[in-house]
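Notes to accompany the following structure.
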2 protein chains.
Amino acid sequence: MMQEKLRAHIEQIVPLTDDEFQFISDHFTNKKYKKHQFLIQEGQPVKYHYFILSGLLKLVYTDGTGKQHIVSFAMENWWESDFYAYYTQTEATMSLECLEDTEVLCLTLADYKKLCDTLPKMQRFFLEKANFGFLGAQRRIISWLTSNAQARYEQLLKQYPLLIQRVPKSQLAAYLGVSRETLSRFTS
Amino acid sequence: MMQEKLRAHIEQIVPLTDDEFQFISDHFTNKKYKKHQFLIQEGQPVKYHYFILSGLLKLVYTDGTGKQHIVSFAMENWWESDFYAYYTQTEATMSLECLEDTEVLCLTLADYKKLCDTLPKMQRFFLEKANFGFLGAQRRIISWLTSNAQARYEQLLKQYPLLIQRVPKSQLAAYLGVSRETLSRFTS
DNA sequence: CTCTTAGTGTGATAAATGTCACTCTAAAAT
DNA sequence: ATTTTAGAGTGACATTTATCACACTAAGAG
C-alpha cells in the first residue's frame with residue numbers, strides 16, 4: 001500500500017497507532033503525473049501541499065523577463081508546494097512541474113489544519129518539518145554568502161549526490177543562480 | 001511589565017488566558033546586553049532561543065578566511081538564535097552580537113519542548129513562526145536568484161525601511177553578500 | 001533511417017563585482 | 001584640544017560571471 005510510505009515517514013518523528021494513521025491517511029488523496037506536467041501553475045489557486053511518493057519535481061519562479069529560476073527540487077519523501085500561496089490561500093507565484101513521472105499524496109489546507117488541531121502529534125510533526133525546512137533554507141543562504149558559483153556547485157554535489165544524477169546540468173544552473181555556460185566550465 | 005510584550009506577540013496568533021500566560025512566562029528569563037556584547041559565540045553551546053524586547057542583533061557566520069557574513073538581523077518582537085545548534089544541542093557555528101543595547105527573554109530548549117508538549121496552543125504558535133520563518137528565507141533565496149546586488153539592496157530598503165536606518169551600510173553589504181565598496185556605488 | 005530536439009561544451013566579448021589604496025568626515029576617546 | 005576610530009566614498013585595476021554565437025552528441029519521433 002502506497003500510504004505505508006507516508007506512515008514510515010511520519011513515524012521517523014512521532015510514533016502512531018493504527019487508528020491514528022488511518023485517521024491521518026483518510027485526509028490524503030493520491031495523484032499521478034507524467035514528466036512535464038504541472039502540479040501548480042503560476043496565477044492559479046494552490047489546493048494542496050504534496051507529499052512525494054516517487055518521482056522528481058522542480059519549484060520554479062519565473063521573473064519579469066521570462067527567465068526561470070529553480071527555488072527547489074523535491075523528490076521521494078519530500079513535501080512541496082508554493083507554500084506561501086497555499087498557506088494564505090492566494091494565487092501561486094511559482095509553478096511546480098515534473099522532471100520525472102511522479103506520484104504524490106495531496107493534503108488540502110483545511111485538512112492540514114484539521115490534522116494539526118485534532119492530533120497534537122501531527123502538529124508536532126509539521127513543526128519539526130517546518131524547523132528543518134527553515135534550517136535548510138538558511139544553510140543555502142549561508143552557502144550563497146560565503147561561496148562563489150563553483151564552490152556552491154561542489155557543495156551541492158556533496159550534499160545531494162543522488163539528485164545531481166537525475167537533473168540536467170542546465171537545471172542545476174537555474175537552481176544555483178548561475179548561467180549554464182558558467183556551470184559547464186567548472187571541472188568537477 | 002516587560003513580559004506583556006511577549007503576551008501581545010503570542011496573542012497575535014493564539015489567544016491566551018491569564019493562567020496560560022503566567023505558565024508560559026514562568027519559563028522565560030530576562031537578560032540585558034550592551035552594544036558589542038555577544039549572546040552567542042561560535043564554538044560555544046547555545047543555551048537559549050531569544051525573544052527580543054528591545055534593541056538590535058546580528059547573526060554572523062565567519063568563513064574560513066575570517067570574513068564575516070550576516071545571516072540575519074533581529075529586532076524588537078523577533079526571535080533569534082543559532083537555531084540549528086540550539087535545536088540539536090551542538091556547538092554554535094555562528095555568533096549573535098548586539099548592534100545596540102538589547103533586552104531579551106530567554107527560553108531553553110527543554111522549556112521550549114515543555115511548552116509545546118503542555119500547551120498545544122504554544123506548539124501552534126511556534127509552528128506558525130517556523131512556517132513564516134521558512135517563507136522569509138525562501139523569499140530571500142528568490143531575491144538572490146532573480147536580482148543583482150543593486151536590486152537586492154532596493155528590495156531590502158523597501159521591505160525593512162526602519163531597519164536600514166539603524167544599521168551601518170557596511171553591515172548591510174555583509175547581509176546582501178556584496179562588498180561595501182560596491183554597495184557604496186549604488187545611487188539609491 | 002532521417003530528422004528533430006534536448007542537453008552540453010566552448011570561444012569571444014561585455015558587464016558586474018571584488019580588491020586595494022587612499023581620502024574625508026564625524027563621533028568617540030583621551 | 002587632540003587623537004583615535006568607525007563609517008563612508010571613490011579611482012584603478014583584477015576577477016568572476018553573463019551573454020551571444022556556434023558546434024557537437026545522443027535520444028526520441030516520424
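Order of the sequence lines sets the chain letters (A, B, ...), proteins ahead of strands, with each chain counted from 1.
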**Q.** CZ/R139(A): more than 12 non-hydrogen atoms of other groups inside 6.0 Å
**A.** no
Q | Estimated bend of the helix from dC1(C)-dG30(D) to dT30(C)-dA1(D) (axis per five terminal pairs, rounded to 10 degrees) | A | 40°
Q | Polar contact flag, side-chain donor to acceptor under 3.5 angstrom, Y87(A)-E128(B) | A | yes
Q.
If only side-chain N and O atoms count, and only distance matters, is there a donor-acceptor pair under 3.5 Å linking Q22(A) with D26(A)?
A. yes
Q. Going 5' to 3' along nucleotides 25-30 of chain C, which nucleotides have protein heavy atoms under 4.0 Å from the base (write B), which only from the sugar-phosphate (write S), and which from neither (write -)?
A. ------
Q: Quick one: list whatever passes side chain to side chain donor-acceptor pair (under 3.5 Å) with D19(A), sequence neighbours left out.
A: none
Q | Value rounded to 0.5 Å, distance of SG in C116(B) from CD in Q123(A) | A | 8.5 Å
Q: Please determine which of W79(B), Y112(B), W78(B), F125(B) meets the ring pair (Phe, Tyr, Trp, His ring centres under 6.0 Å) test together with F51(B).
A: W79(B)
Q | Transitive ILVMFWY side-chain link L109(B) to L135(A), under 4.5 Å | A | yes
Which side-chain N or O atoms in residues 69-77 of chain B pair as donor and acceptor under 3.5 Å with protein atoms at least two apart or in another chain?
residue, atom, partner, partner atom, Å
H69(B), ND1, L145(A), O, 3.2
H69(B), NE2, D63(B), OD2, 2.8
S72(B), OG, E80(B), OE2, 2.6
E76(B), OE1, R166(B), NH1, 3.3
E76(B), OE2, G55(B), N, 3.1
E76(B), OE2, R166(B), NH2, 3.2

Quick test: give all pairs of protein nitrogen or oxygen and nucleotides 25-28 of chain D nitrogen or oxygen below 3.5 Å, distance rounded to 0.1 Å.
none

Q: Would you give a per-nucleotide map of nucleotides 5-23 of chain C, 5' to 3', where B means the base has a protein non-hydrogen atom under 4.0 Å away, S means only the sugar-phosphate does, and - means neither?
A: --SBBBBB----SBBBB--
Q.
Regarding D101(A) and K35(A), does a basic nitrogen lie under 4.0 Å from an acidic carboxylate oxygen?
A. no
Q | R124(A), CZ: over 12 other non-hydrogen atoms inside 6.0 angstrom | A | no
Q: Evaluate whether atom NZ of K47(B) has more than 12 neighbouring non-hydrogen atoms of other residues, nucleotides or ligands under 6.0 angstrom away.
A: no
(Q) Is it true that Q3(B) and S25(B) share a donor-acceptor pair across their side chains at a distance under 3.5 Å? (A) no
